[in-house]
Asks: 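To start, I am sharing the structure in question, which I have written as structure tokens.
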Amino acid sequence: MAGPIAIVTGAQRGIGYGISRVLADRGYTVVLCDLDESALSEAERSIPGSHAMTVDVTDFEAVGAAVRTSEETFGPTAVLVNNAGINRDRMLHKMAESEWDTVVNVNLKGQFNCMRHVVPYMRGRKKGRIINISSASWQGNVGQANYAAAKAGVIGLTKTAARELARLNITVNAICPGFIDTPMTRQMPPEAFSAMMAKIPMERIGTPEDVGRVVAFLASDDAGYVTGEVVNVGGGMVL
Ligand code: NAP
């Protein structure tokens with residue numbers, strides 16, 4: 001039998017894929033949302049019971065259509081995980097306007113778009129869990145003015161939605177991954193990669209499943225009285 005529905009964005013690889021695997025292992029039917037149709041189909045084949053949905057989180061109308069299709073085809077959304085994200089790192093004085101706009105659009109507006117379309121369904125049912133992926137960088141990181149601003153915005157969005165939705169039994173929490181082993185971090189220059197590793201007290205890079213297990217907790221009944229929180233998952237990187 002199909003389990004409760006969890007919509008995960010940016011799910012075809014990296015942290016989103018790890019979150020999706022953990023949720024599927026725990027009995028969720030995962031709706032995998034991402035940009036690349038063929039990569040998404042491969043992820044769908046490897047995660048039992050999952051469904052692939054090609055959608056760009058920056059496209060307000062397309063997100064609305066995807067959420068409607070998911071609700072009507074697969075069932076009520078129990079969990080929304082806003083994970084899709086990108087980086088375009090550059091020092092502030094060299095950052096192009098397009099680098100600012102693209103990162104804020106995907107990392108912040110993308111989360112608003114998904115919440116804006118899922119929340120009315122959750123409100124109607126007085127039930128739901130939203131988990132937004134921010135970043136340890138939200139507190140500021142050299143070369144990441146666009147990314148840090150968007151990820152700080154995610155915290156404000158999370159806390160506001162948590163306040164608005166608490167009385168409706170809908171929890172909204174944010175996770176700040178530290179340094180996680182994904183294609184996003186593997187594309188960094190070796191010196192930058194080593195500098196990040198040196199900041200981790202646990203002396204190992206995180207795995208997508210390290211993040212996925214915390215998502216699973218926040219989605220579970222055990223976390224029913226937890227809302228508006230920001231949970232660091234970084235092996236002690238932020239203390
Ligand atoms: P990743 O490996 O680059 O995966 C991100 C996924 O999101 C990709 O599949 C990407 O698709 C997809 N995506 C990008 N733009 C999208 C859009 N407009 N609509 C739908 N999907 C889109 O990144 P990751 O390292 O797993 O990061 C996942 C999340 O964790 C991000 O929000 C990131 O900021 C956050 N995070 C990561 C780390 C880390 O150490 N890795 C640390 C802190 C926070 P394409 O490949 O087709 O572009």
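Only a predicted model underlies this, so the values are computations on that prediction, with no experimental measurement involved.
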Asks: Counting heavy atoms not belonging to Met197, are there more than 12 under 6.0 Å from its CE?
Replies: yes

Asks: Please determine whether side chain to side chain contact (heavy atoms under 4.5 Å, CB included) holds for the pair Phe193 and Ile205, giving the CA-CA distance in whole Å, both sets of side-chain angles, and the decisive distance to 0.1 Å.
Replies: CA-CA 10 Å; Phe193 190 94; Ile205 193 165; 3.7 Å; yes

Asks: Would you indicate whether the side-chain heavy atoms of Val103 and Asn87 approach each other to under 4.5 Å?
Replies: no

Asks: Taking Gly234's backbone N and O only, do any of them form a donor-acceptor pair with Asn232's side chain (distance below 3.5 Å, no angle check)?
Replies: no

Asks: Running the 4.5 Å side-chain criterion over Ile, Leu, Val, Met, Phe, Trp and Tyr, what cluster does Val230 land in, apart from itself?
Replies: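 Its cluster partners, ordered by chain and number, are Trp138, Ile155.
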
Asks: Could you report the tightest heavy-atom contact between Thr227 and Ala162, atom names first, then the distance?
Replies: OG1-CB, 3.5 Å

Asks: So that I can tick it off, tell me whether Asp210 and Arg204 are bridged by a salt bridge, with the cut-off set at under 4.0 angstrom between side-chain N and carboxylate O.
Replies: yes

Asks: How far does CG of Asp59 sit from NZ of Lys109, to the nearest 0.5 angstrom?
Replies: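 Going from the CG atom of Asp59 to the NZ atom of Lys109 covers 8.5 Å.
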
Asks: Would a 4.5 Å heavy-atom cut-off, applied to side chains only, mark Ile86 and Thr102 as touching?
Replies: yes

Asks: Can you name the nearest heavy-atom pair linking Gly110 to Asn82, along with the distance?
Replies: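 So the minimum-distance heavy-atom pair works out to O-OD1, 4.4 Å.
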
Asks: Show, in sequence, the C-alpha distance, side-chain angles and deciding distance for Val215 and Ile175, and conclude whether the side chain to side chain contact (heavy atoms under 4.5 Å, CB included) test is met.
Replies: CA-CA 8 Å; Val215 169; Ile175 291 177; 3.5 Å; yes

Asks: Are the side chains of Pro177 and Ile133 in touch, meaning some heavy atoms are under 4.5 Å apart?
Replies: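 Answer yes - side chains close enough.
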
Asks: Would Leu23 end up clustered with Phe217 when hydrophobic side chains under 4.5 Å apart are linked, directly or stepwise?
Replies: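 The answer is yes; both residues are in one hydrophobic cluster.
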
Asks: Taking a hydrophobic cluster as the set of Ile, Leu, Val, Met, Phe, Trp and Tyr residues connected by side-chain heavy atoms closer than 4.5 Å, whether directly or through intermediates, do Met184 and Phe179 fall within one such cluster?
Replies: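 No, Met184 does not connect to Phe179 through the hydrophobic network.
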
Asks: Considering non-hydrogen atoms only, spot the tightest contact between Gly178 and Ala136 and give its length.
Replies: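 Heavy-atom minimum between the residues: CA-CB, 4.2 Å.
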
Asks: Please tell me if the side chains of Arg129 and Ile170 come closer than 4.5 Å, counting only heavy atoms from C-beta onward.
Replies: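 The answer is no, as the side chains (C-beta and beyond) never meet within the 4.5 Å cut-off.
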
Asks: Quick one: pull up SG in Cys33 and CG in Asp56 and give me the separation to the nearest 0.5 Å.
Replies: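 Reported to 0.5 Å precision, the distance equals 11.0 Å.
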
Asks: Donor-acceptor pair, Thr29 side chain versus Gly49 backbone, under 3.5 Å?
Replies: no

Asks: Under 3.5 Å, is there a donor on one side chain and an acceptor on the other for Tyr17 and Ser46?
Replies: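 Yes, a side-chain donor-acceptor pair sits under 3.5 Å.
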
Asks: Whether the Ser134 and Asn132 side chains hold a donor-acceptor pair (N or O, under 3.5 Å, no angle test) is what I'd like checked.
Replies: no

Asks: List the steps, then state whether side chain to side chain contact (heavy atoms under 4.5 Å, CB included) holds for Ile7 with Val79.
Replies: CA-CA 6 Å; Ile7 296 178; Val79 181; over 6 Å; no

Asks: Might you point out which heavy atoms bring Leu239 and Pro201 nearest each other, and give the distance in Å?
Replies: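 Nearest heavy atoms, Leu239 then Pro201: CD1-CG, 4.4 Å.
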
Asks: Is Asn169 reaching over with its side chain to a backbone N or O of Lys127, donor-acceptor style, under 3.5 angstrom?
Replies: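 No, because the side chain of Asn169 does not come within donor-acceptor range (under 3.5 Å) of the backbone of Lys127.
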
Asks: Check residues 113-122 and write down every donor-acceptor pair under 3.5 Å in which the side-chain atom is one partner and the other belongs to a residue at least two apart or another chain.
Replies:
{"residue": "Asn113", "atom": "ND2", "partner": "Val57", "partner atom": "O", "Å": "2.8"}
{"residue": "Asn113", "atom": "ND2", "partner": "Thr58", "partner atom": "O", "Å": "3.4"}
{"residue": "His117", "atom": "NE2", "partner": "Phe60", "partner atom": "O", "Å": "3.0"}

Asks: With rounding to the nearest 0.5 angstrom, report the CD to OG distance, Glu209 to Ser20.
Replies: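 Going from CD on Glu209 over to OG on Ser20, the span is 10.5 Å.
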
Asks: How about Arg26 and Arg213: do any of their side-chain heavy atoms sit closer than 4.5 Å?
Replies: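 Yes, at least one pair of side-chain atoms sits under 4.5 Å.
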
Asks: Would you say the side chain of Cys176 lies within less than 4.5 Å of the side chain of Val231, judging by non-hydrogen atoms?
Replies: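 Sidechains of Cys176 and Val231: no contact.
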
Asks: Keeping the roles fixed (side chain from Asn141, backbone from Ala148), state whether a donor-acceptor pair exists under 3.5 Å.
Replies: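 No, Asn141 side chain to Ala148 backbone: no donor-acceptor pair under 3.5 Å.
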
Asks: Rounded at 0.5 Å granularity, tell me how far CG in Asn173 sits from CD1 in Ile130.
Replies: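 If I round to the nearest 0.5 Å, the distance is 10.0 Å.
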
Asks: Is there a continuous path of hydrophobic side-chain contacts, each under 4.5 Å between heavy atoms, that joins Val233 to Val172?
Replies: no

Asks: For Gly10, is there any backbone N or O sitting under 3.5 Å from a side-chain donor or acceptor partner on Asn83?
Replies: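 Yes, Asn83 side chain to Gly10 backbone: donor-acceptor pair under 3.5 Å.
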
Asks: Please confirm whether the backbone N or O of Val67 pairs with a side-chain atom of Ser70, one donor and one acceptor, at under 3.5 Å?
Replies: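 Checked: no pair found.
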
Asks: Can you give me the closest heavy-atom contact between Ala39 and Gln12, atom names plus distance?
Replies: CB-OE1, 3.4 Å

Asks: Might you point out which heavy atoms bring Leu108 and Gly153 nearest each other, and give the distance in Å?
Replies: CD1-C, 3.5 Å

Asks: Assess the residue pair Lys151 and Ser137 against the criterion (side chain to side chain contact (heavy atoms under 4.5 Å, CB included)); give the C-alpha distance rounded to whole Å, side-chain angles, the decisive distance to 0.1 Å, and a yes or no.
Replies: CA-CA 7 Å; Lys151 293 298 190 179; Ser137 294; 5.6 Å; no

Asks: Taking the hydrophobic residues Ile, Leu, Val, Met, Phe, Trp and Tyr, and joining any pair whose side-chain heavy atoms are under 4.5 Å apart, which ones share a cluster with Leu35?
Replies: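 Direct or chained contacts put Leu35 with none.
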
Asks: Do Pro208 and Thr182 have side-chain heavy atoms sitting under 4.5 Å apart?
Replies: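 Counting from C-beta outward, Pro208 and Thr182 do come under 4.5 Å.
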
Asks: Atom CG in Leu218, atom OG1 in Thr171: separation rounded to 0.5 Å?
Replies: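 Atom-to-atom, Leu218:CG and Thr171:OG1 are 7.0 Å apart.
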
Asks: Between Arg125 and Glu71, is the closest basic N to carboxylate O distance under 4.0 Å?
Replies: yes

Asks: Using only heavy-atom distances, determine whether the side chains of Glu99 and Asn146 contain a donor-acceptor pair under 3.5 Å.
Replies: no

Asks: Establish whether Val211 and Tyr28 are linked, either directly or via other cluster members, by ILVMFWY side-chain heavy-atom contacts under 4.5 Å.
Replies: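 In one cluster: yes.
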
Asks: Side-chain contact, heavy-atom cut-off 4.5 Å: Arg123 with Leu165?
Replies: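 When only atoms from C-beta onward are counted, Leu165 and Arg123 do touch, with a gap below 4.5 Å.
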
Asks: Find the distance between CZ (Phe74) and OG1 (Thr69) and round it off to the nearest 0.5 Å.
Replies: 8.0 Å

Asks: Do Val154 and Val81 sit in one hydrophobic cluster, given that two such residues count as connected whenever their side-chain heavy atoms are within less than 4.5 Å of each other, even indirectly?
Replies: no

Asks: Applying side-chain hydrogen bond (donor to acceptor under 3.5 Å, both in side chains), run through Gln144 and Asp89 and close with a yes or a no.
Replies: CA-CA 5 Å; Gln144 292 199 310; Asp89 294 356; 3.2 Å; yes

